[in-house]
Chemist: 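Got a structure for you, written out below as structure tokens; questions coming shortly.
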Amino acid sequence: MRLFQRKGNDLIRQPADLIPCDTFISDPPLRYTKPHRQPELDNEQQVIYHAVLQHFSDPQLRLPVNGHAEDLQDSNNYSTLGDWEKFWLSRECILRYLRATAWNAEQTIRRLHNTLLWRRQFGLADYANLKETATSVANENDTGKISLLGYDRKSQLVLILKNGRQNTDPSFEQIRQIVWFLEAASILAPKGTECWTLIIDLKNHHIDNGGTRSLYEYPPLSLAKQVINIFQDHYPERLYKCLICNVPNSAWTFLKLVYPLIEPEPRKKILYNDPLEIHIESDQLGAEYGGRLDFNYDNSIYWPDLIQTVESRKKVQYEKFEALGANVGIREFEIKRNT
Amino acid sequence: MPRLLRRKRGKDEVLDVNHSRNSLTLQVQVHQARNFTINEAVCNPLCLVTFNNVTKTTKKVKNSTQPQWKSTLKLKLSNSPLSQYLRLIIYDSDNTNFLYLAECKISILTLFRTSRTHFKFTKDAQWYPMFNRNILREKNLSWMDPKALPYNFGELQLSFKLTSSNNDDSDTLTSFHLWNTKLMHNVDYEIMKKGVFSDDVIEDELDFQDVLDENDLLDVLKVDDLDQDMELAMDISNEDALSVDEEGDIMGEEEEAALIEDPEIFDTIGAVYGLDTVSLSSNASVSSSSSSTSSSISETPSISSLYSVEKGMDENLASLNEFHIYNGFDSTPSFPREYSTPNESSASLTQDQDGFRDEDDKKLLSRRRKRIPKRKRSIHSFEVSKREHSLGVVVMTLKSITNLPLVKKKMSKTGYDMDPFVIITFGRRVFKSSYKRHTLNPEYNEVCAFEVYPEERHFELVLKVLDKDAFSFHDKIATASISWTSLVGKYQIGEIMNIDLPLNLNKTSDEHNSVASLNFQFLPYSELKRHFWTNSLDSLTTQKDFDIVELGMLLEQIGQFTSNEINEFFHFYNKVPWSREKLTISELVVYLENWTENNKTSSPFNNIQTCPLCGRKVHKSRNVVNSKLNKENDLIAHFAICQLKRAHSRRTFLTPSYVSINSASRRWFSKFLIKLTYGKYALGSNNANILVQDRDSGIIIEEKISAHVKVGIRIIYNGKGVRSKKFKNLLRKQTIKQGKKFDAPSSVKYIPSFIRFHSLDMSECLEVEYKSFNDFFYRKLKPGSRIPESTIPGILLSPADCRATVFPTVHKAQEIWIKGRQFSVSKLLGDCPHKPQFTEHNSSIAIFRLAPQDYHRFHAPCDGVVGKVYNISGEYYTVNPMAIRTKLDVFGENIRCIVPITSPEFGTILYIAVGAMMVGSIILTCKEGDTIVRGQEMGYFKFGGSTIIVLVPHQKIFFDSDLIKNSDEMVETLLKVGMSVGHIPSQPEHPRIKKHIEDKVEIERIKRIITVTDENVSALGSVPWEYDQLKNLSTS
């Protein structure tokens, strides 16, 4: 029988020295390298960056209020950038878009426009709503299908998606939940990092679900498509690695279907059934993946704590942002607090 | 009835053993019951659980009003489920009688469902309300009716568990889902069989099933009782004997009772509650069964609304329907299973989402596909809406015919013998009704539905009444026709129009007013589209409005949409997708309706490949031979027809399964012989069945090859003969000899037999004394009988009464029609001085074939000046389509005469008269330098079939689209002199309008012009006149 067993199974054994943990780990371990600034831009890049910055710094820049670009000509339907939008339009953010478009200023502006419009539609233009969103999608996370836990070896956040813990029907709420997590992750990302590692766990956890089984063993393709689109369009250059683990045989069909929807660049970042220890140290990794964190998801503990952390970080960062002038293009590095 | 059922069940089980590796078992724990007796009377209750013909009982609890059974009953889920309802009945049992007390019905579909997509297969103990069906019936309520709640009758405590044979939870879900699909399939099938669509009836249907079970229940109870009650042990032998003896009686009595008192049980579906008290022996208890007045549900489906679909069964069914529909909408990748046919592996990878569902569908599909005939390769999928779609669908009901004439019996000449049937034709669609025995006023009530295409607007609907004869050929009784324009002219959309069509009798000896009455309804395409989307969305989902995620999931089932396309749905209505605004289902329908018009480049509906109703794929329309002329791979039109078929399933729904009127009126043995000797009888097929479409009426007419051509073809096909000098000489000699013979005055004697054989209509001909047969053969017509259709000089006219094929380039013609191996334009033109101007790629070609019976003079197609006539001598092969499509180069080798015409509109065109078998000579009545006007006579052929080829520089002409289309499908079109063939590019196509046919026997005449059938010959009792010549020819 050993012949047919997957190698991955060997790795999952319970280490003796478990670290109890039931909340979000607020800071990466100190032993990781100090946060470093991004390398400075060369002259050419500088010019392009400033062109983009110039565009968004223009106080006359007006975008449709409800995010629908083709909406009426009525000027009441347009408004200038809000403070939180300026907060979001940091130097790093613009650079991410520039990198995603291979330093094409025009394309960058268009994509940033699209994202700004989408954020207005989605209600992300104002971070004040973030907490409400969190409470309204709380039941989506009853089983902990998405969690932020630990840091990888580059002290980047680890976002874990557990497909097997799906507890609700596919709906708009699920997208809201994911988007909330992505926003939270961008706020919580430690100083000097802007990417995160994504673990997608395809193991069937239905036993944890109280015996309830879903007809959708994997998310419907359309939903997957929409999430992938949001991720690619509105969160470019955010993914460091996507680790897909515990892939059952039946999941390959789903993965094969999704694969062509992913752009070639992020496709390279996807790793299947890769040992997680390579990317994440064992004290930052859940025991179920062979790490030492004894993390059992409890929504009543984890969720309020996470909201709290996000809110407090948000507040601190915003204060710093105001202190720095509340403009477009402020460095996230300076806004974020030291660990 | 019960026996029958049981047998059927047994068979099903045998069949299903193969593909149910994993059987499901439903464990019902019956704990206790309370409050189910009215006056707390003491009884011995037992609980009987029945589900899809599987029945189990608990033990009976003696002297109790609050029985506690606490027993676990295991029921295997049937492999051919018919009902979703689990029925638990409480009986009061005293040794012999079982008195119905109360019952409880639980839908197994909702039982384990926790949310729309989540299932949990254990259900803890819970109280379920019971009802007494007698009470409900008095109140005239259904048990599901919320109004019935106050009449609930006690409660039953139950817990459930569903397990699969190997105890794996995921397998349970898979198997349960498979079971669901089967259930839906079966229910659908039942509905289809019954043709009833209303909500109640489905419910009743299920109940009916239960009622039928009652006899089974009785058996079960009996056996159980005998087992359980030790007191009866000593009487077992007695009892047994009795029951064996009496079984027949009981059955008889029960049936009788049922017939007398509850006719609705076995007769109509309306019956719900039959026997109240089931008894083992006593008559009394049988007769104590309900004497309710039968309120049979009217059987006719609600046709008032044309599309009565199986909507809103109940919420469950509808939501399950979602998966059922999946069969249609999903094609499957996923893993190979033993049921997959090789065909399925071709399904593309990009269309599914989760494995198990597809496997189920796959099984179902593969089972369905087995029923579809073998020709799998040619099965193509539907296109949701084709660009060249039809105008709409016509629904025609043939109601009745009144007052048919008496046709005396042939043998005895006494009495009449009339078994009339009707052939209905519109364009290429031929329907044949059933025949009614021995009546002069037959009632048919048969429905046919067909699409009408824009190019068919000048066609007409033709009815033909025939008398079925058992042994001889069918007798033609009457015909009637009505043109499409006059049909639609009077019609207002939405109504059902009654038409009384007077019939023209074939034997017009006595004045007889036979009238056919029809119902006509026309559903325009736009309406069909709306209808299609409304229905498909209804069957896909129960939701009424959609946010972007829900819309995405819905559209995923239909096809592949990009996210931009999904966003467009919202933008169209000025809504913002990501702020969770919703689209209503009606908005969705409107958008989808306009979709095909909005985006013509690509169709994203690629998941819709089969009809959601019948689950079938359809042959691609291009392949006319296979598709039997049905062009309905437009799903929207097909869906409408498919649904009409269901709506009218109580009546006979005719299918257009015939190629021509002739084939429809033929008996099976002639069909068999034709198939055997001539080859497949299909339009565009390359064999001895020559089918021609009449341009005026759209009717497909078959042209039988006269005997001498048959011999010619046979020689051509016989490889040895073709190239041999002997054969060529023979043909030449014979043709010349024939020509001489027919030029002789003595040949006049052949004329009457010729007229008779071809049933020629001589009324058009100029009446002169014919001096020889050839003189008759190139007879002139009365002036004015062939007037050019259009006076515009830019329109090219047909040069002869002929069967035409046209091709934009010679090259294309070579691909489709002219299969001669060595054929080329240069060979065709010989040493003609105009040769360099015409090549395969720059000249359009029109081929006009004249059959022997045709008017044999040819006319000018356009104005112009005749150039130098160039004669080429050659062979005398036949120009029959079969010969053209052999490897023999008929056009390049036959004798021919090239007439260049220099026309101001078309430039220099070449007008080539090709002689053929038996054509002695080509005589031109014009000469070089003559100025000819359109429609002017240019010459004539002496006896035989022949062809005129017209070569036109391709940039100078656009041929008429209907001709082009027919030619592409290898179908010749019947033309008359003066009809439009093509036009110069700057000139719009000549519109085809229906000439009103005032002539009564027009259709018959058209047919007579064309048809030379063996039947004619034998009917006339004469040997074909040229038969002797040919006999000589072939033997010498």
Chemist: Taking all non-hydrogen atoms of both residues into account, name the closest pair between S579(B) and Q121(A) and its distance.
Modeler: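 Heavy-atom minimum between the residues: CB-O, 2.9 Å.
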
Chemist: Kindly write out the residues that satisfy salt bridge (charged side-chain N to carboxylate O under 4.0 Å, His left out) with K582(B), not counting sequence neighbours, or none if the list is empty.
Modeler: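 Residues passing salt bridge (charged side-chain N to carboxylate O under 4.0 Å, His left out) with K582(B): none at all.
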
Chemist: With only heavy atoms counted, which part of L261(A) is less than 4.5 Å from chain B, the side chain, the backbone, both or neither?
Modeler: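 No part of it gets close to chain B.
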
Chemist: Tell me every residue that passes side chain to side chain contact (heavy atoms under 4.5 Å, CB included) with T562(B), counting only those two or more places apart in sequence or in another chain.
Modeler: N564(B), E565(B)

Chemist: Within a reach of under 6.0 Å around NZ of K161(B), are more than 12 heavy atoms found that belong to other residues, nucleotides or ligands?
Modeler: no

Chemist: Which of the residues I548(B), L551(B), N567(B) is involved in the greatest number of heavy-atom pairs with chain A at under 4.5 angstrom?
Modeler: I548(B)

Chemist: Using only atom types and a distance under 3.5 Å, with no angle test, would you say the side chain of E556(B) pairs donor to acceptor with the backbone of L221(A)?
Modeler: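 Yes, the answer is positive, given that a donor and an acceptor are paired below the 3.5 Å cut-off.
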
Chemist: How about CD on E265(A), more than 12 heavy atoms from neighbouring residues, nucleotides or ligands closer than 6.0 Å, or not?
Modeler: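 No, CD of E265(A) has 12 or fewer neighbouring heavy atoms, counting only those of other groups under 6.0 Å.
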
Chemist: Please report the interatomic distance CZ(R580(B)) to CD(E173(A)), rounded to the nearest 0.5 Å.
Modeler: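 CD of E173(A) is found 4.5 Å from CZ of R580(B).
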
Chemist: Side chain to side chain contact (heavy atoms under 4.5 Å, CB included) with W578(B): which of V179(A), L124(A), L117(A), I175(A)?
Modeler: I175(A)

Chemist: For E106(A), is the CD atom crowded, meaning more than 12 foreign heavy atoms sit under 6.0 Å from it?
Modeler: no

Chemist: I'd like to know which of A251(A), S171(A), A224(A) tops the heavy-atom pair count under 4.5 Å against chain B.
Modeler: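 When all of A251(A), S171(A), A224(A) are compared, S171(A) has the most.
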
